[in-house]
Q: 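One structure, as structure tokens, below. Some questions next.
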Amino acid sequence: MSIQNAYLQELMNTVEKRNPNDKQFLITVRSVLESIEPVVEAHPEYVKMGVLELFVEPERVIKFRVPWVDDKGEVHVNRGYRVQSNSAIGPYKGGLRLHPSVTEDTVKFLAFEQTLKNSLTGLPIGGGKGGSDFDPKGKSDMEVMRFCQSFMTELFRHIGPDCDVPAGDIGVGGREIGYLYGQYKRLTAQYHGVLTGKGLSYGGSLARKEATGYGLCYFTEEMLKANGKSFKGQTVVVSGSGNVAIYACEKATQLGGKVVAMSDSNGYIYDPDGIDLAAIKKIKEVDRARIKVYAENHPNATYTEGCSGIWGIKCDIALPCATQNEISLESAQKLIANGCFCVSEGANMPSTMDAIDAFVNAGLLFGPAKAANAGGVATSALEMSQNSMRYSWTFEEVDAKLQQIMTGIFRNVDSAAKEYGFGNNYEKAANVAGFLKVADAMMAQGVC
Ligand code: NDP
């Protein structure tokens, strides 16, 4: 991957000097700068106003300690982060991730991506992301509660309904959002819609839980339709078995696909009869158990230890919905060799850059994360609207808006691909489509 434009290359050198340890962030910035070369050449005014310099520098990086006490009375100290990347088109918006792998780099790259994703939704939301290296796995509810309360005790001063509205991400589901929201309310004495993904009894939106997975399938179906295909009758592999994966599996099945494999961070199951999603929901959402339990109760299913083998399963459509970098070049080559014709990303950055290049070069239909999984954040923005109105839409109303938004995202990306001559490279097209709106808003607001 190389940047041809001298100004952009110089900018990339500066970003590298400033962020020497932020590997993921650098990969992401490079990929975006490479995509937007034709835009920068067509818009010298962006260069003159320093829009690019501003765009690659987060508006704010907040880093704090999170002390908490476990059930045995032992003290632990984790690190918390919130990166507020860009507020040109609306308040910062993006999830909180709780996972031992979280570093400043993770949060910075995700916040940068989020700005483009949020722009693509067409809704007035800027980009942010947060999290901590705390691992909720194996912790009691009370330990998770104490951690969330401590995390919010610092975070609350940096967020607000018109400033920054966090949501869930890996390791942050309904339970964590509830504890975080309770502490925000206690600290501020305000009933603000300051977090999304809330429970339905206290301001959550119907269809938020389903939104990322359903939205992924709506986007993918639109992309398939534009190429004379659909989910109907296709064999589908979905990685992960968390929030995104479960509802991607549900919608892909409703649209006529047959999902034959899912995974967790230990391994994957293959069920040639088609995944029994009720069993997965019970294992993951109710029992919080490991996916291998599935194979114990489904005689035709097999369980394999290790995650990457899932991409060796023959399929027509692959929906990576677990985590970043889960599809390496080698895995991409296996998918291509087995006849897979569509890869659409439910997780954030699940395919490495060389894997994406392999998909594009092989002519696969490739739905990049920032477009394909934007349904979650779009529905979070719908939750914000409902909170502001003190009103709730029905499931069908939210789902219809989600479908409309995802169709709009595909059309926007597809037309950017055509306008800038990117062919089937929707990764580049999504970067351009997302960037243009943010850049115009930044131009209008001046150097700030
Ligand atoms: P969850 O925590 O609900 O689920 C994550 C799933 O991925 C779990 O099944 C987990 O397994 C599995 N997993 C984690 N690490 C690995 C690994 N190294 N290899 C294989 N599987 C792994 O998270 P979400 O479903 O919410 O998020 C999944 C992805 O989607 C993330 O990239 C997230 O950023 C992205 N996303 C989420 C949105 C949302 O609305 N939730 C919105 C947009 C993007 P285990 O149970 O073993 O940990």
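Start at 1 and go down the list; that is how both ligands and their atoms are numbered.
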Q: What are the atoms of ligand 1, with element, lying closer than 4.0 Å to any heavy atom of Cys307?
A: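 Matching atoms, with element in brackets: 19 (N), 20 (C).
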Q: Under a 4.0 Å threshold between the charged nitrogen and the carboxylate oxygen, would Glu57 count as salt-bridged to Arg18?
A: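 A salt bridge links Arg18 with Glu57.
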Q: Can you say whether the rings of Phe410 and Tyr426 are parallel (under 30°), tilted (30 to 60°) or perpendicular (over 60°)?
A: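 The arrangement is perpendicular - the two ring planes meet at more than 60°.
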Q: Against heavy atoms of Arg97, which atoms of ligand 1 measure under 4.0 Å?
A: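 What qualifies from ligand 1 is 31 (C), 32 (O), 33 (C), 34 (O).
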Q: Quick one: nearest non-hydrogen protein atom to atom 6 (C) of ligand 1, plus distance?
A: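 Result for atom 6 (C) of ligand 1: Gly242 N, 3.9 Å.
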Q: Considering only NZ, NE, NH1 and NH2 on the basic side and carboxylate oxygens on the acidic side, decide whether Glu222 and Arg411 come within less than 4.0 Å.
A: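 Answer for the salt bridge query: yes.
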Q: Against heavy atoms of Lys284, which atoms of ligand 1 measure under 4.0 Å?
A: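 Counting from 1, the qualifying ligand atoms are 46 (O).
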Q: For the residue pair Phe134 and Phe147, does the interplanar ring angle fall in the parallel (under 30°), tilted (30 to 60°) or perpendicular (over 60°) class?
A: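 It falls in the parallel class, under 30°.
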Q: Quick one: nearest non-hydrogen protein atom to atom 2 (O) of ligand 1, plus distance?
A: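 So the nearest neighbour among protein heavy atoms is Gly171 N, 3.3 Å.
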Q: Can you list the atoms of ligand 1 that are under 4.0 Å from a heavy atom of Lys137?
A: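 Matching atoms, with element in brackets: 45 (P), 47 (O), 48 (O).
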Q: List the steps and the verdict of side-chain hydrogen bond (donor to acceptor under 3.5 Å, both in side chains) for Glu59 and Ser85.
A: CA-CA 5 Å; Glu59 290 178 21; Ser85 197; over 6 Å; no
Q: How close does the nearest protein non-hydrogen atom get to atom 9 (O) of ligand 1, and which residue and atom is it?
A: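 The protein heavy atom lying closest is Ser241 N, 2.9 Å.
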Q: Which atoms of ligand 1 have any heavy atom of Arg208 under 4.0 Å away?
A: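 With Arg208 as reference, the close atoms of ligand 1 come out as 40 (O).
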Q: Backbone N or O of Gly203 within a donor-acceptor pair of the Asn387 side chain at under 3.5 Å?
A: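 Checked: pair present.
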Q: May I ask you to identify, for Cys321, whether its side chain, its backbone, both or neither come under 4.0 Å of ligand 1 on a heavy-atom basis?
A: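 Just the backbone.
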Q: Distance under 4.0 Å to a non-hydrogen atom of Gly240: what atoms of ligand 1 satisfy this?
A: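 It comes down to these atoms of ligand 1: 9 (O).
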Q: Heavy-atom contacts under 4.0 Å between Ala347 and ligand 1: side chain, backbone, both, or neither?
A: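 Both backbone and side chain.
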Q: Counting non-hydrogen protein atoms only, what is the nearest one to atom 29 (C) of ligand 1? Give residue, atom name and distance.
A: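 Ranked first by proximity to atom 29 (C) of ligand 1 is Ala322 O, 3.3 Å.
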Q: So that I can tick it off, tell me whether Glu383 and Arg208 are bridged by a salt bridge, with the cut-off set at under 4.0 angstrom between side-chain N and carboxylate O.
A: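 Here Arg208 does not pair with Glu383 in a salt bridge, since their nearest N and O are not under 4.0 Å apart.
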Q: Among protein heavy atoms, which sits nearest to atom 14 (C) of ligand 1, and what does the distance come to when rounded to 0.1 Å?
A: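 Result: Ser265 CB, 4.1 Å.
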Q: Check each atom of ligand 1 against the heavy atoms of Arg290 and keep those under 4.0 Å away; list them by number with element.
A: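 Here the atoms of ligand 1 in question are 45 (P), 46 (O), 47 (O).
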Q: Could you find the nearest protein heavy atom to atom 42 (C) of ligand 1 and give me its residue, atom name and distance?
A: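 Of every protein heavy atom, Thr212 OG1, 3.4 Å lies nearest to atom 42 (C) of ligand 1.
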Q: I'd like to know if Asp273 pairs up with Lys258 as an ion pair, taking the criterion as any Lys NZ or Arg NE/NH1/NH2 lying under 4.0 Å from an Asp or Glu carboxylate oxygen.
A: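 Salt bridge absent between Asp273 and Lys258.
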Q: List the steps, then state whether ring-ring contact (aromatic ring centres under 6.0 Å, His included) holds for Tyr181 with Tyr191.
A: CA-CA 9 Å; Tyr181 187 70; Tyr191 211 99; 5.5 Å; yes
Q: Can you find an N or O of Asn348 that's nearer than 3.5 Å to an N or O of ligand 1?
A: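 Between Asn348 and ligand 1, an N or O pair is found under 3.5 Å apart.
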Q: What protein heavy atom sits nearest atom 34 (O) of ligand 1, and how far off is it?
A: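 That would be Asp169 OD1, 2.6 Å.
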Q: State whether Lys129 and Asp169 are salt-bridged, where the test is any N-O pair (Lys NZ or Arg NE/NH1/NH2 against Asp/Glu carboxylate O) under 4.0 Å.
A: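 Counted as a salt bridge, because a side-chain N and a carboxylate O are separated by less than 4.0 Å.
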Q: For the residue pair Tyr218 and Tyr214, does the interplanar ring angle fall in the parallel (under 30°), tilted (30 to 60°) or perpendicular (over 60°) class?
A: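 Ring orientation of Tyr218 relative to Tyr214: perpendicular.
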Q: Mind checking whether Phe359 and Phe366 have parallel, tilted or perpendicular rings, split at 30° and 60°?
A: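 Parallel: the ring planes of Phe359 and Phe366 meet at under 30°.
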Q: Atom 37 (C) of ligand 1: which of Val244, Asp135, Thr106, Asp264 has the nearest heavy atom?
A: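 That would be Val244.
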Q: Report the part of Ile170 (side chain from C-beta onward, or backbone N, CA, C, O) that has a heavy atom under 4.0 Å from ligand 1; answer both or neither where that applies.
A: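 Under 4.0 Å from ligand 1, Ile170 contributes backbone and side-chain atoms.
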Q: Between Glu250 and Lys281, does at least one N-O distance fall below 4.0 Å, as a salt bridge requires?
A: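 Lys281 and Glu250: salt-bridged.
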Q: What protein heavy atom sits nearest atom 3 (O) of ligand 1, and how far away is it?
A: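 That would be Asn243 N, 3.0 Å.
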Q: Quick check on contacts: which atoms of ligand 1 are under 4.0 angstrom from a heavy atom of Asn373?
A: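 Near Asn373, meaning under 4.0 Å from one of its heavy atoms, ligand 1 has 43 (C), 44 (C).
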